[in-house]
Every structure is written in structure tokens, then in C-alpha cells.
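Since the structure comes first, as C-alpha cells, the remarks are kept for the end.
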Amino acid sequence: SLSKYIANFNSSIDIFVNISGNASEIKKVEAIIIKPRKFNETLILDYNSTINDTYLFIATYKNTSQSGNYSILIKLVKN
């Protein structure tokens, strides 16, 4: 689930995605950033680690130069 977060203008946002269970079929994890005025940008998250059956993917989004609301959709791409 995603939490509401208020970022400062021109700040970076760290994105963390935890996937539980068998993630071996996952080719990549994408964060689709829906920016103000409905422009989209896709960010690929990097695999970071596995603890038990939970896989952690991370990325940092830095293009927050527009003021307004940003939304993030997470997309899993299978092999």
C-alpha cells in the first residue's frame, strides 16, 4: 500500500516496494509517476535485498520541479 507523503518542492522521494512470497517470476518493478497536469514518467526500481520471503525494491524520484499532486502506481512485470 502507498502512504500519503508531502514532499518539498524540488526534493527527492524514496520509493520502497516490498513483495512477499515467490518473486522469482518478476522481471522488473516499475513506478509510474503521475505528475501534475497528468504527465506520466516511469521509474525502474532496483532490487535491494531479500529477507525471508520478502523482496525489497527501491528507487529515488528526483523530478519534483512542478508544484501539485503526484500519484504513484506500482507495476510488476513478469518474465
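Just so it is clear, the structure is predicted and the values come from calculations on it, not from any experiment.
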Whether T42 side chain and I32 backbone form a donor-acceptor pair below 3.5 Å: no
Using atom types as modelled, flag every donor-acceptor pair under 3.5 Å from a side chain in residues 70-79 to any protein atom, sequence neighbours excluded.
unit_1: Y70; atom_1: OH; unit_2: Q66; atom_2: N; d: 3.3
unit_1: Y70; atom_1: OH; unit_2: Q66; atom_2: O; d: 2.8

In chain order, what residues pass the salt bridge (charged side-chain N to carboxylate O under 4.0 Å, His left out) check against K35, with sequence neighbours excluded? E41
Find the distance between CD1 (I15) and CG (L43) and round it off to the nearest 0.5 Å. 5.5 Å
At what distance, to the nearest 0.5 angstrom, does CD1 of I13 lie from OH of Y61? 7.5 Å
Take atom CG of N18 as the centre, draw a 6.0 Å sphere, and report whether it contains more than 12 heavy atoms from other residues, nucleotides or ligands. yes
Drop me the distance from F57's CZ to I26's CD1, to the nearest 0.5 angstrom. 5.5 Å
Quiz: residues 44-56 side-chain donor-acceptor pairs under 3.5 angstrom, not counting sequence neighbours:
unit_1: Y47; atom_1: OH; unit_2: T50; atom_2: N; d: 3.2
unit_1: Y47; atom_1: OH; unit_2: T50; atom_2: OG1; d: 2.5

For the residue pair P36 and S67, what are the closest heavy atoms and their distance? CG-O, 3.4 Å
Using the side-chain hydrogen bond (donor to acceptor under 3.5 Å, both in side chains) criterion, which residues pair with D14? Sequence neighbours excluded. T60
